[in-house]
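Have a look at the structure below, then the notes.
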Protein chains: 4
Amino acid sequence: MAKKKGEKYEAILDAAVKVIAANGYANSQVSKIAREAGVADGTIYLYFDSKEEILIDLFNEFMGQFIEEVRQEIAAMPDVVSKLRKLVEAHLTKLEASPDLATVTQVELRQSDPRLRLALGETLRGYFRLIEELIEEGKAQGVFAPDLNKYLARQMIFGTLDDIVTRWVWSRRHYSLAAQVPQVFQMLLHGLCGR
Amino acid sequence: MAKKKGEKYEAILDAAVKVIAANGYANSQVSKIAREAGVADGTIYLYFDSKEEILIDLFNEFMGQFIEEVRQEIAAMPDVVSKLRKLVEAHLTKLEASPDLATVTQVELRQSDPRLRLALGETLRGYFRLIEELIEEGKAQGVFAPDLNKYLARQMIFGTLDDIVTRWVWSRRHYSLAAQVPQVFQMLLHGLCGR
Amino acid sequence: MAKKKGEKYEAILDAAVKVIAANGYANSQVSKIAREAGVADGTIYLYFDSKEEILIDLFNEFMGQFIEEVRQEIAAMPDVVSKLRKLVEAHLTKLEASPDLATVTQVELRQSDPRLRLALGETLRGYFRLIEELIEEGKAQGVFAPDLNKYLARQMIFGTLDDIVTRWVWSRRHYSLAAQVPQVFQMLLHGLCGR
Amino acid sequence: MAKKKGEKYEAILDAAVKVIAANGYANSQVSKIAREAGVADGTIYLYFDSKEEILIDLFNEFMGQFIEEVRQEIAAMPDVVSKLRKLVEAHLTKLEASPDLATVTQVELRQSDPRLRLALGETLRGYFRLIEELIEEGKAQGVFAPDLNKYLARQMIFGTLDDIVTRWVWSRRHYSLAAQVPQVFQMLLHGLCGR
DNA sequence: GATGAATGAGTATTCATTCAT
DNA sequence: TATGAATGAATACTCATTCAT
């Protein structure tokens, strides 16, 4: 129904990220997003079928790009350990560089609306697969434990990174995420016992 | 203002968990919770100042009890490794045993309302401290890596468990959480490389 | 869903007739009806499921009563000719006595919304049956033409009365309807040629 | 302001009849009419000042033509009785031949918007005068009752025909209108009592 | 304490109309 | 003339909260 693309489409998505990060999803009225984007309320509906669709597109657009970038950066690395370090680095660095986006994805989009959840899950799955492939590769190369469960391992990697970013957002971002990359990487690789 | 305690207080909290797990937070009207609890709408306000307070109390009540139980079970263990295993087991087992509660805490309460976030954070912090103490103890005993950052380590442990439970809830709980305790425990202890 | 009956139910219906007659249906907002009825907007929805339902109930309530009254008055008449005269008199007199109601039923409720049309048609059908029974009786008694088509005859009677009331409403009710009863009665009985 | 005439003017009116008959007035957006007419939304406003004007012109154009045709056909008849028969026949036959137009004029245009009502009334009045002249002629020729009230008689004729067409439209046009001409004619001439 | 009828503030969405191209 | 993207006013309905009983 609604036409996608166009500079107003992008302007509305950008405005939505800004408004939601600042006010919370529940307090982000369509009219507020429209005003921030510099368009009329009705114009929103020329580009999106509903308010909900703004969220879905927002997540898919930005997360899709995020995932693609991470995938490419990882692909360039020579070995699986370097890939893991790169993944950790990319995840934390990219979200630190886009605080509004981080706020929206870590906090505001953890909504439970079934339709929304479904659409977001679809996109996240691409990221999950990327991590799982990395794990498989590590096992094949004999670097990771042979009995490693790839799903649990992915949940450890993603869960750890996700929680780190969430605490950072909740803490109002008082400290640097990038600085923690080496420690997090070590921890994921060798666990609490180290080495 | 509102008096706490009383059997209706508990009935309302129980009803809230049930209703929110079944309908989602956004579709859990006060009147629906009242009906489930077998009281009149207005009665809710004799026990809670606002709908939001139901959520806060719900989280504090159930999570507080959850944390206390975990603390006691851990305290009974002889060494820090056993304690970690017990923590993992308790976290996954208890939430698996209370699916409605798990649904509400993992999905429905990830709301971003500032007031709510603050109150929930308060309670979570108790759990975080418990985990951090365990890490400190492990380092003191020379079992955990001496350069381990206790905050990052806690984020790895909690983030991993949290993500595992969230995926389980989103997957409609098609598989067993308890069965994964040994693998998760191993992974946290020795990382992706194992041993 | 919505509870019926109660003095507020009646107050809202009365207010609706008044507001719609004065402003036209298209310009009769729910809030305007609520204000006229002396209740809050939300109260409307304790008694009606939707704005549309107000119209349906309004028509059924008032027209149902109208039809019942006409039926009883007719039943008391000794012969079919007296009954026809009474029908004409009752139709014109009653609507003349309730100008707001006449305005609403003649003009405002000729809407074409399928749901509305269906509900209103249901009620009108009761009136149609009443007229058709009268025609059958007239034919059985040999007073009306034996080859009279009861449906066409009903359409002539109702169409004539309906148009008379509609013109009267559109003319802003500058003249008396009751005064025309004898002529209309004569005309229906003997046609344009008279006698 | 807006220029009338032109092939697009006609195309828009034709499209309006089609769209309104198919979707109902309330669901006939300007953009829908424009699409059906094969023009841009804005083009509509080169030919009509407002959406309402489309309706007024539509009614005037088609009804005006209808009335003119009836007038000419009647004029050709030798006596007043033949003229009445011709009027009944023309009214029912022409509308039966244009079901979309009948739907729009009988059902969709019975709206109550004051401006609209006024404009439509203007056009209808021409038809009313035609019928009233016929009645006067009948009285002058001694065919119709000398004490016949020409306004009431016109209301009987028009009301009867109008109701017949309305029921036919509402019944989804399951039967033939033309077949009823003789009976309707007889009924109007001699009333319920016949002869 | 307990009730539940009543309140009324709050908001996504539609669509007739405009105007820069 | 013609376009169609953009506008923004307008409105039915929901639901947390109150308070008379």
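Scope of the values below: all heavy atoms of this structure, side chains included, with no hydrogens, waters or symmetry mates.
Of the candidate nucleotides F:dC13, F:dA5, E:dA2, E:dA2 has the atom nearest to the side chain of B:Thr43. Minimum atom distance to the side chain of A:Asp41 is reached by E:dT13, of the listed E:dT13, F:dT17, E:dT7. The side chain of B:Leu46 sits closest to E:dA2 out of F:dA6, E:dA2, F:dT1. The listed nucleotides are E:dA12, E:dT7, E:dA16; the one nearest the side chain of C:Ala40 is E:dT7.
A:Asp49 has its CG atom 16 Å from the P atom of E:dA12, to the nearest Å. When the P atom of F:dG4 is taken as reference, atom CD of D:Gln29 falls 18 Å away, rounded to whole Å. Following rounding to the nearest Å, D:Lys51 (NZ) and F:dA9 (P) show an atom-to-atom distance of 20 Å. Between D:Phe48 atom CZ and E:dC15 atom P there is a gap of 20 Å when expressed in whole angstrom units. In this structure, D:Ile33 atom CD1 and E:dC15 atom P are separated by 12 Å, rounded to whole Å. One atom, CZ of C:Arg35, and another, P of E:dT7, lie 14 Å apart when rounded to the nearest Å. To the nearest angstrom, P of F:dA2 lies 15 Å from OH of D:Tyr9.
Note that CD of A:Gln106 and OG1 of A:Thr166 are 4.0 Å apart. Values are rounded to the nearest 0.5 Å.
In this structure, E:dT11 forms a base pair with F:dA12, meeting either the Watson-Crick or the G-U wobble geometry with both donor-acceptor distances under 3.5 Å. Pairing for E:dT21 is with F:dA2, a Watson-Crick or G-U wobble pair whose two hydrogen-bonding atom distances lie under 3.5 Å.
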Could you go step by step and tell me if B:Tyr47 and B:Asp57 meet the side chain to side chain donor-acceptor pair (under 3.5 Å) rule?
CA-CA 11 Å; B:Tyr47 293 90; B:Asp57 280 19; over 6 Å; no
Passes side-chain contact (heavy atoms from CB on, under 4.5 Å), C:Phe62 versus C:Thr105? Steps please.
CA-CA 9 Å; C:Phe62 292 113; C:Thr105 56; 5.9 Å; no
Report the C-alpha distance between A:Gln29 and A:Lys51 in whole Å, list the side-chain angles of each, state the deciding distance to 0.1 Å, and finish with yes or no for side-chain contact (heavy atoms from CB on, under 4.5 Å).
CA-CA 9 Å; A:Gln29 295 82 349; A:Lys51 182 185 179 185; 5.6 Å; no
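OP1 or OP2 of E:dA2 sits under 4.0 Å from a side-chain N or O of B:Lys8. Residue A:Tyr45 places none of its side-chain N or O atoms closer than 4.0 Å to OP1 or OP2 of F:dT7.
Annotation: cation-pi pair D:Lys32/D:Tyr25 absent, no NZ/CZ under 6.0 Å from the ring centroid and within 45° of its normal.
Comparing A:Ser50 and B:Val39 along DNA chain E, the residue whose closest nucleotide (by nearest heavy atom) sits nearer the 5' end is B:Val39. Residue order along DNA chain F, read from the 5' end via each residue's closest nucleotide, puts C:Asn27 first among B:Ser28 and C:Asn27. Remark on DNA chain E: of its neighbouring residues D:Ser31 and A:Glu52, the 5'-side contact belongs to A:Glu52, judged by nearest-heavy-atom nucleotide.
Here C:Val30 lies in heavy-atom contact (under 4.0 Å) with sugar-phosphate atoms only.
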